[in-house]
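This is a predicted model, so every value here is computed, not measured.
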Amino acid sequence: MRTYSNYRDKSVVSDAENALYRKITWRLMPMLFFCYIVSYIDRINISFAKLQMLDDLHFSSAAYGLGAGIFFVGFFIFELPSNLMLYRFGVRVWIARIMVTWGVLCSGMMFIKTPEAFYIMRFLFGAAEAGFLPGVVYYVAQWYPRERHGRIISLLITGAVVGGILGGPFAGVIMDTFMDVAGLRNWQWLFLLTGIPAVALGVAFYFLMPNKPSDLKGLNEIERTLLKNNLDADNAKADHQRSKIFDALKESKVWLLGLVALTVNLGIYGVVFWTPTIIKEAGFKSYTTIGLISTLPYVAAGMAMLFLGYSSDRWRERRWHIAFACIVGAAGMLISIEFKAVPMLSILGVIVATAGFIGSTPLVWAFASNFIKDKAAAAGFAIINSMGAIGGFSGPYLMGMAKDYTGNTDAALYVMVSFALLGSLIVLFLPRPGPAR
């Protein structure tokens, strides 16, 4: 019978490892990927609902920006407690709970009538989803050694890209097709139909997903031994990592990465929640057409994300990759401002900005895994995402305020450019991790 000792030859071990992680990836990633797609669609559906909802409910642009952004206030408050509950109750139970509650609240958005109800529902929606992304990143980090984190987290977060690609046309078709069907407006149908898949996937997650590596069925003895030895070796190389909850609070690098996440999210959600409006103002009237054009920034973001993930793993370098992506995002915003008189160039700027900001996101998470593990990882990932939520709140709100008070969004975009450049500087001042960075 073959044992782990048979794999001491480096090339054989490499082949065995690749086969093992392919098997793990095919077992875990389809469900995680679909969950993340639905998460992102539910998060950005408000940007398409806005095209009709504001006129129906007589909301101002500032009210929309505040409601879109207040989602992240709920996120900020409940992110850390949610991730600590995930660590206590297990990923399978807690991710299922998150998805079911956010799906119900997403569909419940169809009942809003006043700005106050809008703010409350968006706040609750954010509170319900709090912990999802850092929880899934923490989950993935339990299965893969650090040198694989960049590519696997990039693969996971491309779910946001696919969500953007699918969500735009899906929302556009709903908005064009379901106007006043069964007495509901098209934006009400949009909320209803995009909330249902989250509930279904939450139930499926509970019944289908393993809680930790030792629960995974389908691995033979050799594969289980190889997996355990790889993870043990990775932890041994990472003995400098912090592992307790309060270690995450004391780790300055976690807070600095949180500031980077804040600048990135400021750019992402400042642009994403207004992309359909920018496209409509460029002269496109059909909701379906707007939805199709809105896929282009996500196609570019997906390409950027995969390229940066594989490149950063290959070169075992995170800082310069993140800084480069932030600079690209800032450049895209400047293009959208300076060439707004030429609609196609303005949309090109949005495409470049989205590619840069979303492309950097998985690398921030991969970089964080160099400094924290175990309970500290659950807490540290939550801290980073909570600080990112501040950017998520500020971006759309700044855009709405600028639109109401100046008639355009230029001032808000210049602020975001400044923060993006600041983020690129912060990440470069972070110390380089050890050999397995």
Going by heavy atoms in the side chains, are [X] and [Y] under 4.5 Å from each other?
X      : Y      : answer
Phe324 : Ser360 : no
Leu227 : Ile24  : yes
Val38  : Ile41  : no
Pro210 : Arg27  : yes
Tyr298 : Val272 : yes
Trp274 : Ser47  : no
Trp102 : Ile98  : yes
Val427 : Trp320 : no

Can you tell me how far apart [atom1] ([X]) and [atom2] ([Y]) are? Round to the nearest 0.5 Å.
X      : Y      : atom1 : atom2 : value
Leu425 : Leu430 : CG    : CG    : 11.5 Å
Phe339 : Leu348 : CZ    : CG    : 9.5 Å
Leu156 : Leu28  : CG    : CG    : 10.5 Å
Leu266 : Leu262 : CG    : CG    : 6.5 Å
Ile390 : Ser386 : CD1   : OG    : 8.0 Å
Asn385 : Leu257 : CG    : CG    : 12.5 Å

Under the 3.5 angstrom rule, does the side chain of [X] hit a backbone N or O of [Y] as a donor-acceptor pair?
X      : Y      : value
Glu223 : Asn220 : yes
Thr295 : Gly291 : no
Ser346 : Pro343 : no
Asn265 : Gly392 : no
Glu317 : Ser312 : no
Ser394 : Gly391 : no
Arg318 : Leu363 : no
Arg92  : Asn211 : no
Thr101 : Arg97  : yes
Asn45  : Phe191 : no

Please report the C-alpha distance between Asp176 and Ser286 in whole Å, then the side-chain angles of each, then the deciding distance to 0.1 Å, and finally whether the side chain to side chain contact (heavy atoms under 4.5 Å, CB included) criterion is met.
CA-CA 8 Å; Asp176 273 333; Ser286 164; 3.4 Å; yes
Test side chain to side chain contact (heavy atoms under 4.5 Å, CB included) applied to Ile37 and Phe33, step by step
CA-CA 6 Å; Ile37 289 173; Phe33 195 69; 3.7 Å; yes
Going through the distances and angles, do Trp143 and Tyr21 end up as a ring-ring contact (aromatic ring centres under 6.0 Å, His included)?
CA-CA 9 Å; Trp143 299 79; Tyr21 288 112; 9.7 Å; no
Locate the shortest heavy-atom distance separating [X] from [Y]; write the atom from each residue and the value.
X      : Y      : result
Ile46  : Met53  : CD1-CE, 3.8 Å
Val328 : Gly356 : CG1-CA, 4.1 Å
Trp26  : Pro30  : O-CD, 3.2 Å
Thr354 : Ala301 : O-CB, 3.9 Å
Val417 : Met333 : CG2-CB, 3.6 Å
Tyr206 : Ala96  : CB-CB, 3.7 Å

In terms of side-chain heavy atoms, does [X] have a donor or acceptor partner in [Y] at a distance below 3.5 Å?
X      : Y      : answer
Trp94  : Ser82  : yes
Tyr64  : Tyr397 : no
Arg43  : Tyr269 : yes
Asn186 : Gln52  : no

Derivation of the side chain to side chain contact (heavy atoms under 4.5 Å, CB included) call for Leu20 and Lys23
CA-CA 5 Å; Leu20 168 65; Lys23 182 179 289 189; 5.5 Å; no
May I ask you to check whether Phe123 and Phe71 place their ring centers less than 6.0 Å from one another?
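Centroid distance Phe123-Phe71: not below 6.0 Å, so no.
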Would Phe48 and Trp187 count as a close aromatic pair, with their ring centres under 6.0 Å?
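For Phe48 and Trp187, the ring centres are not under 6.0 Å apart.
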How about [atom1] on [X], more than 12 heavy atoms from neighbouring residues, nucleotides or ligands closer than 6.0 Å, or not?
X      : atom1 : result
Tyr414 : OH    : yes
Tyr36  : OH    : yes
Tyr287 : OH    : yes
Phe89  : CZ    : yes

Give the intermediate values and the outcome of side chain to side chain contact (heavy atoms under 4.5 Å, CB included) for residues Tyr139 and Met209.
CA-CA 11 Å; Tyr139 182 53; Met209 296 298 282; 3.9 Å; yes
Look at the aromatic rings of Trp189 and Phe178 and report parallel, tilted or perpendicular, splitting at 30° and 60°.
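Ring orientation, 0 to 90° scale: tilted.
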